[in-house]
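Owing to the predicted nature of the structure, the values given are computational and were not obtained by experimental measurement. Atom set for the values below is all heavy atoms of this structure, side chains included, hydrogens, waters and symmetry mates excluded. Along the sequence shown, the residues carry numbers beginning at 1.
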Amino acid sequence: MSLPHYQPRNVLITGGAGFIGANFIRYVLAQDPAVKIYNLDVLTYAGSLNNIDNLPDAKRHVFIQGDICDSQLVSDILQHHAIDTIVHFAAESHVDRSIQGPAPFIQTNIVGTFTLLEAARQYWLLQKKGDASQYRFHHVSTDEVYGSLSAEDSPFNEHTPYAPRSPYSAAKAGSDHLVRAYFHTYHLPITISNCSNNYGPYQHTEKFIPTVIRACQNNQPIPLYGDGTHIRDWLYVEDHCDGIVKILRKGRVGETYNLGGDNQMSNLAVAKQICEVMDACYPQARPHRELIQFVRDRPGHDWRYAIDIQKIVTHLHWKPKQLFSEGIHKTVEFYCQTS
């Protein structure tokens with residue numbers, strides 16, 4: 001079943017004070033005047049009200065502080081605001097933190113997703129007796145559920161078997177399976193996207209690219225795990241937002257779409273490129289690349305991720321627009337101007 005021109009109206013964004021959620025809210029408010037956004041975020045360390053300051057057309061944005069695991073709160077929001085669309089970003093997402101303490105990842109990523117799914121099922125399908133043409137639940141996931149690739153392996157596609165290797169990716173894999181189960185069992189109108197590594201404005205400082213930028217700013221060591229050869233596919237956050245909108249509007253209900261930047265780079269190459277931007281814009285006495293230091297690798301560190309985006313390119317005519325060289329320059333400027 002396809003929804004060729006689905007139009008969201010009253011949209012619940014979970015985790016909208018976080019990195020990707022806040023960028024998505026900005027993007028949708030600027031692009032779609034028909035949408036009103038209700039932003040549910042518990043404001044953990046990774047969410048900040050500063051991320052949603054100065055929104056475009058802010059009168060169409062309502063912030064609600066609360067937990068996606070609070071079933072009564074979620075049900076009340078859906079009913080009181082006639083929510084027709086849920087875009088589910090809220091997640092614990094830092095692999096290192098999941099290794100140190102996995103319990104919050106299970107609670108938020110699995111129990112929280114279940115709570116949202118069940119509230120949507122009760123309201124949309126049982127109370128309102130709606131169908132797939134009226135509602136949409138979009139679940140934002142990660143390429144990390146697919147595991148790790150060697151140099152010779154083909155990129156992940158939508159049929160790649162799941163092989164998560166950290167508590168974080170295992171919890172996200174569990175949430176993906178729940179979302180699909182609600183489609184197959186209850187016919188809840190869902191879509192899923194699995195994205196590669198995002199970068200851009202408003203990302204939390206614990207993540208890799210902001211960490212490198214901050215180290216350059218403070219003339220401190222730039223830590224790289226292992227020998228720096230771990231490879232990631234980098235997706236500029238605004239391209240990711242555009243891809244989600246494409247899926248919401250034109251995606252086929254029940255389908256998964258991989259979203260990637262078509263841009264694989266080693267962590268060392270990324271760090272060196274950031275150093276080059278810092279050298280050009282904020283020169284110091286010595287080149288910033290001399291700050292790079294290799295540190296002990298973390299347990300279970302996946303070596304390579306790569307995303308095959310042909311499905312969404314072919315079916316929905318989406319592809320990333322931002323070259324990494326330009327996107328990383330904009331990202332460095334954002335952090336240097338806001339620090």
Side-chain angles (χ1 to χ4, degrees), residues 1-16 20-21 23-25 27-28 31-32 35 37 68 78 83-91 109-110 112-121 123-125 130-146 156-160 162 172-196 198 235 237 239-260 307-320:
M1 183 185 300
S2 64
L3 300 178
H5 298 290
Y6 179 75
Q7 174 58 60
R9 298 288 182 181
N10 296 318
V11 181
L12 174 62
I13 306 291
T14 70
I20 305 175
N23 276 281
F24 184 77
I25 288 170
Y27 185 82
V28 171
Q31 297 287 331
D32 191 343
V35 165
I37 289 175
I68 60 170
L78 265 59
I83 299 296
D84 55 56
T85 306
I86 297 173
V87 184
H88 177 31
F89 292 97
N109 299 357
I110 296 180
T113 300
F114 162 73
T115 302
L116 291 164
L117 288 165
E118 185 61 14
R121 181 177 80 91
Y123 177 55
W124 293 343
L125 303 186
D131 59 36
S133 67
Q134 298 173 287
Y135 304 105
R136 182 71 66 91
F137 186 113
H138 182 74
H139 177 61
V140 180
S141 191
T142 172
D143 58 359
E144 296 192 39
V145 298
Y146 297 124
F156 302 130
N157 63 47
E158 289 81 0
H159 300 291
T160 300
Y162 276 27
K172 287 299 290 185
S175 68
D176 292 5
H177 291 318
L178 272 174
V179 173
R180 290 194 183 94
Y182 266 69
F183 169 70
H184 290 292
T185 303
Y186 304 114
H187 306 295
L188 192 75
I190 65 93
T191 50
I192 299 173
S193 57
N194 293 81
C195 70
S196 61
N198 278 220
L235 174 64
V237 66
D239 282 338
H240 186 189
C241 297
D242 182 60
I244 292 173
V245 169
K246 282 284 199 309
I247 295 168
L248 276 175
R249 289 185 167 278
K250 298 184 178 181
R252 184 179 291 274
V253 170
E255 291 290 317
T256 296
Y257 299 89
N258 282 346
L259 289 165
I307 283 277
D308 182 342
I309 61 172
Q310 284 309 302
K311 178 177 178 178
I312 192 168
V313 170
T314 301
H315 294 181
L316 305 184
H317 308 294
W318 173 91
K319 62 181 180 179

Donor-acceptor pair, side chain of Lys172 and main chain of Val140, under 3.5 angstrom: yes
Atom pair CD1 (Ile20) and SG (Cys241), whose distance is rounded to the nearest 0.5 Å: 7.5 Å
Residue pair Ala90 / Gly15: nearest heavy atoms and the distance that separates them: CB-N, 3.6 Å
Gap separating the CG atom of Asn10 from the CG atom of Asp84, nearest 0.5 angstrom: 5.5 Å
Ring geometry between Tyr135 and Trp124 (parallel below 30°, tilted from 30 to 60°, perpendicular above 60°): parallel
Beyond-backbone contact of Asn258 with Tyr146, side-chain heavy atoms, under 4.5 angstrom: yes
Tyr162 and Asp176: CA distance, side-chain angles, deciding distance, side-chain contact (heavy atoms from CB on, under 4.5 Å) verdict: CA-CA 10 Å; Tyr162 276 27; Asp176 292 5; 2.7 Å; yes
Distance, nearest 0.5 Å, that separates CD1 of Ile190 from CD1 of Ile192: 4.5 Å
More than 12 heavy atoms from other groups under 6.0 Å of NZ on Lys311: yes
From CH2 (Trp318) to CG (Leu259), nearest 0.5 Å: 5.0 Å
Where Ala120 and Ile86 come nearest, the two heavy atoms and their spacing: CB-CD1, 4.1 Å
Heavy-atom closest pair, residues Thr142 and Val145: O-CG2, 3.3 Å
Distance-minimising heavy-atom pair for Gly260 and Ser196: CA-OG, 3.4 Å
Sole residue of Arg121, Glu118, His187, His139 in side chain to side chain donor-acceptor pair (under 3.5 Å) with Tyr182: Glu118
Distance-only polar pair, side chains of Thr85 and His138, donor-acceptor under 3.5 Å: no
Closest contact, heavy atoms only, Arg136 versus Ile247: NH1-O, 2.9 Å
For the student: nearest non-hydrogen atoms of Leu248 and Val87, plus distance: CD1-CG2, 3.8 Å
Non-hydrogen side-chain atoms of Val28 and Pro8 separated by less than 4.5 Å: no
Interatomic distance, Ile13 atom CD1 to His88 atom NE2 [nearest 0.5 angstrom]: 11.5 Å
Expected output: side-chain Arg180 to main-chain Thr256 donor-acceptor under 3.5 Å: no
Phe24 and Phe89 aromatic ring geometry - parallel, tilted or perpendicular at 30°/60° bounds: tilted
Side-chain donor-acceptor pair present, Asp32, Gln7, cut-off under 3.5 Å: yes
Between CD1 on residue Ile307 and SG on residue Cys195, distance to nearest 0.5 Å: 8.0 Å
Pair His315 + Tyr257: ring centers closer than 6.0 Å: no
